[in-house]
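In listed order, ligands and their atoms are each counted from 1. Every heavy atom of this structure was used, including side-chain atoms; hydrogens, water molecules and symmetry mates were not.
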Amino acid sequence: MNFNPADTNILIIEDEIAIAEGLVDLCELNGYKVKHAADGETGLAEALTGAYGLILLDLMLPGIDGFTVCDKIREQDKSVPIIILSAKNSDEDIINGLKYGADDYISKPFSVPMLLARIEAVLRRSTQMMESEGRMVAGHLKVNFREYAGTRGKEELSFTRKEIEILEYLWNNRDRAVPRAELLKKVWGYENVESVDTRTVDIHITKLRKKIEDEPSHPKLLVTFRGEGYQMRSSPECEKST
Ligand code: CA
């Protein structure tokens, strides 16, 4: 099943009125319902009502900044998709955005078709995730994809939405090497992988290993495949099949 724009409320948290108006028009033209908040505080309060299917979030905002807004939304809502739109585009900002649980990060200025494609990709995955059941068990690691939670032995784990999407994809394709380009297409929804920075994949894999591996520097479950991609093994004892 696909998502229906008319059923999707998008919240735009952006203080620059010209940009906000452009985004509102763009989303409405494409059939979405839209609400605009011009500062972090209003945006956060609005986001926490749970009425939104997607949040577009600027970083430099008066009052509470975008990273804090993202962090506070994630404290209460792990599932609402968040796309950061920002003029800040250093590695550190992108890593921070992902760390705080954003699903995607788009640098300003952005092209309209690209923004719409990313919005659709995020919403499609969000719809698919809500529709499928799922969990994984590998050795003493257990993860419930729908609850964004799991256990490694006695240790309780919690995951971001993006981490769960990666885990679920790799688990559904377990014991097979999955190239980075495939992850970028299937998990991030990028059509044109050549122009995308693969560091995003590696940053997430590193974060995931810290949670699911007993020794993150010597992974036994989520292994690197010939430097090109990643492979989820169905158990830590499973032989590496290349
Ligand atoms: Ca701003």
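Neighbouring protein atoms of the Ca ion (ligand 1) (N, O or S, distance under 3.0 Å, waters ignored): Asp15 OD1, Asp58 OD2, Met60 O.
Residues that satisfy the salt bridge (Lys or Arg N to Asp or Glu O under 4.0 Å) test with Arg152, not counting sequence neighbours, are Glu155, Asp214. Residues satisfying the salt bridge (Lys or Arg N to Asp or Glu O under 4.0 Å) test with Asp15, not counting sequence neighbours, are none.
Here CE of Met232 is found 4.5 Å from CG of Leu222. Values are rounded to the nearest 0.5 Å. Taken to the nearest 0.5 Å, the NE2 atom of His36 stands 13.5 Å off from the CD1 atom of Ile10.
In this pair, Trp188 and His204 present their aromatic rings perpendicular. The plane angle is above 60°, beyond the 30 to 60° band.
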Please tabulate, for the side chains in residues 52-61, all donor-acceptor contacts under 3.5 angstrom to protein atoms that are two or more places apart in sequence or on a different chain.
from	atom 1	to	atom 2	distance (Å)
Tyr52	OH	Glu46	OE2	2.7
Asp58	OD1	Lys108	NZ	3.1

